[in-house]
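Take a look at the structure below.
Just so it is clear: chains get the letters A, B, ... in the order the sequence lines come, proteins before strands, and each one is counted from 1.
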Amino acid sequence: MIHPIPSGTRDVLPDETREVRAITDVLRGVFERHGYGEVYTPALEYESVLARADMAEARPAYRVFDETGAVLALRSDMTVPIARVVATRYASAEPPLRFCYFAHCYRGVRPQRGQPRELLQAGIELIGAPAPQGTAEALTVLCHALDATGLKDYRIGLGDASLFPALMASLQVHEPVRKGLLEALVLRDFVGLQELLAESGLSGEAAELLLDVPQRRGGPELLADAPAPADGAVKGLRDVLELLEPAVAERIIFDLGLVRNIGYYTGAVFDVYDPALGAPIGGGGRYDELLGRFGRKLPAVGFALGVDRLHIALAGEERGTGALALAGPSGPGDAGEPVEPAR
Amino acid sequence: VSSLHGLTIAVPRGALFGGTVDLLQALGLDTDELRSNDRKLLFEDIGVITMRPTDVPTYVEAGAADLGVTGKDVLLEQAAQRSAEGGRDVYELLDLGYGRCTMVLASKAGPDPAHEALRRLGVMRVATKYPRIAARHLEETGRQSEIVEVKGSVELAPLTGMVEAIVDLTATGTTLRENNLIVREEIVVCTARLIANPVAHKLKAAAIDALLEQLRELPAAERGRGAPEPA
């Protein structure tokens with residue numbers, strides 16, 4: 001007999017559960033050691049509460065009615081529910097506040113390799129710690145957590161969500177054009193970006209800059225040659241780097257084109273990459289305006305790891321046959337070589 | 001050169017194969033075996049894997065290849081229909097210029113049967129191998145349609161009266177003309193594109209940038225068979 005389960009979901013049986021549990025136990029230990037207390041929140045929330053956040057692409061996709069006709073939604077991340085918790089349960093608590101979670105989230109994606117509709121996320125939220133200290137702490141916890149799981153070859157791509165918008169503003173790109181350019185960048189479509197820039201009426205120099213800057217990624221030397229309009233964001237990244245211990249700093253790849261398809265990010269954003277997996281293992285960033293939408297204006301930063309993706313990456317590294325292992329590291333300045341922290 | 005800066009590239013068999021192999025040769029790869037052995041799929045010593053064009057984004061997205069070459073038509077067809085759905089998560093790095101084709105809407109010569117169907121019946125029936133591109137184009141132009149997906153010769157569908165129009169890719173228009181079909185609308189021009197896995201794009205940045213630099217410096221004539229047409 002066939003009793004199907006919904007597309008994009010799956011059953012987890014004992015062998016896998018044991019391995020997943022081992023990973024989450026290690027992560028929980030690191031989070032707790034850094035002072036992050038674990039929380040649970042309901043999987044179902046009022047849609048109107050979740051809608052306070054600008055989730056863009058990652059907005060809740062599944063809704064039900066309760067007995068009064070109110071619309072409930074399955075959470076699509078834990079950042080927004082924790083923002084609600086802070087505003088309601090910790091309305092007058094002295095910041096900074098530190099929380100961690102291990103929770104299933106629900107997204108309306110088309111199920112493909114590594115893209116489930118129900119995903120287990122492990123993450124932290126650091127509320128009330130501004131940039132750069134808060135960002136540096138989150139990156140440090142992230143690296144300590146990944147190190148503790150035994151993941152070896154990971155790198156963290158670090159960028160700033162405000163960089164490209166600031167660049168467009170200072171180059172006086174017309175408002176209607178900006179949306180299209182940002183959309184092309186979010187879609188990772190540099191050919192489309194180039195076409196839009198050619199039609200935009202911008203000077204050749206400005207267009208060249210808008211096409212070139214988001215393709216820059218690499219070591220800290222990148223921050224030195226960034227163009228003037230990106231100064232604010234680049235200084236923010238440099239400030240974060242100065243606060244990082246060497247073991248964390250050498251994991252960082254600066255990425256001036258890193259953007260997020262989640263709308264609430266305001267400053268530094270980051271993604272976790274491992275050569276054993278073709279997609280990011282997790283990511284995070286600053287969301288300094290989200291808490292204000294729930295009535296408690298506090299700067300904040302956090303990250304979430306996809307536990308299943310982390311599991312796949314660990315298994316891939318173990319076998320030495322990660323998805324990208326066929327070609328291996330490829331020449332100077334690439335993943336094989338650590339990035340020197342700036343002085 | 002044994003491989004492209006140590007990168008693995010997914011190469012499409014079919015219409016884009018010749019142009020892509022020429023390009024790889026211009027970049028310094030030894031392509032003799034690739035040209036002569038059309039049964040082999042994995043050419044590990046030069047970092048090349050070959051497959052159907054529609055499979056290229058799949059392999060690249062999964063990270064089984066760092067880079068890939070495929071047509072814009074394939075990328076558009078596999079792109080997200082609604083924004084929240086998430087299309088293929090790959091970088092589109094470069095328009096390679098060759099393999100130039102146009103996605104068109106065509107119908108039988110004479111008075112446009114699609115127009116007639118829309119006016120009298122409210123919908124036009126459209127056969128295509130590209131159901132998402134067709135549906136998007138008709139939605140964007142405000143017309144109600146019934147999309148009929150076919151796998152083989154699309155030209156047959158309007159000739160038998162199954163549909164009033166087709167959406168298909170055409171390079172020269174010869175097949176359309178031979179079947180008494182005429183182009184009513186040009187939807188989009190498609191060329192070969194270089195795509196990259198998003199993780200490889202970060203972890204192998206130096207290698208990918210070196211390759212892009214090399215590609216941009218190639219004389220247009222060597223960038224595959226057909227030189228890019230002037231914009």
Side-chain angles (χ1 to χ4, degrees), chain A residues 55-59 61 76 107-110 112-115 153-157 183-184 186-195 198 215-219 253 255 257-258 261 271 273-281 316 322-337, chain B residues 3-9 42 44 47-49 57-67 72 75-76 78-97 189 191-212 231:
Chain A
M55 296 288 284
E57 306 293 286
R59 72 179 74 83
S76 57
R107 304 240 167 124
V109 295
R110 202 149 35 108
Q112 298 163 3
R113 188 179 189 278
Q115 263 212 359
D153 300 326
Y154 70 90
R155 287 288 181 282
I156 295 172
E183 212 167 80
V186 168
L187 288 173
R188 308 190 196 275
D189 181 4
F190 287 120
V191 175
L193 184 61
Q194 187 169 17
E195 284 166 2
Q215 297 198 59
R216 295 188 195 172
R217 63 224 184 279
I253 299 171
D255 182 355
L258 187 59
N261 61 358
D271 267 342
Y273 308 111
D274 190 276
L277 194 70
I281 293 170
L324 300 172
L326 187 60
S330 54
D334 271 342
E337 287 195 3
Chain B
S3 70
L4 297 171
H5 306 273
L7 299 166
T8 306
I9 185 164
L42 188 59
E44 269 176 277
V48 168
I49 47 180
T58 313
Y59 278 79
V60 173
E61 183 185 39
D66 300 313
L67 298 170
K72 182 64 179 172
L75 293 172
L76 283 172
Q78 297 185 12
Q81 198 78 329
R82 295 183 304 273
S83 63
E85 207 178 39
R88 292 279 172 206
D89 196 10
V90 294
Y91 276 102
E92 192 175 326
L93 294 179
L94 206 61
D95 183 347
L96 295 170
V189 174
T191 49
R193 303 294 161 95
L194 181 70
I195 63 173
N197 173 271
V199 173
H201 187 252
K202 309 307 172 195
L203 297 184
K204 299 178 180 181
I208 289 177
D209 286 354
L211 177 68
L212 286 175

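The two residues B:Asp95 and A:Val191 come nearest to each other via the heavy atoms N-CG2, 3.5 Å. Closest of all the heavy-atom pairs between B:Asp209 and A:Gln215 is OD2-O, 4.4 Å. The minimum heavy-atom distance between B:Leu203 and A:Asp274, with the atom names listed, is CD1-C, 3.8 Å.
With a threshold of 4.5 angstrom between heavy atoms, A:Gln194 does not approach chain B through any atom at all. Looking at A:Leu187, the atoms closer than 4.5 Å to chain B (heavy atoms on both sides) all sit in the backbone: N, CA, C or O.
Qualifying ring-ring contact (aromatic ring centres under 6.0 Å, His included) partners for B:Tyr91, counting only residues two or more places apart in sequence or in other chains: A:Phe190, B:His201. By the side-chain hydrogen bond (donor to acceptor under 3.5 Å, both in side chains) test, A:Asp189 is found to be paired with no residue, residues two or more places apart in sequence or in another chain being considered.
Screening B:Val90, B:Asp89, B:Leu93 for a side chain to side chain contact (heavy atoms under 4.5 Å, CB included) involving A:Arg188 leaves a single residue, B:Asp89.
At distances below 3.5 Å, at least one donor-acceptor pair connects side-chain atoms of B:Asn197 with backbone N or O atoms of A:Gly278.
Between B:Val199 and A:Pro275, the closest side-chain pair of non-hydrogen atoms is not below 4.5 Å.
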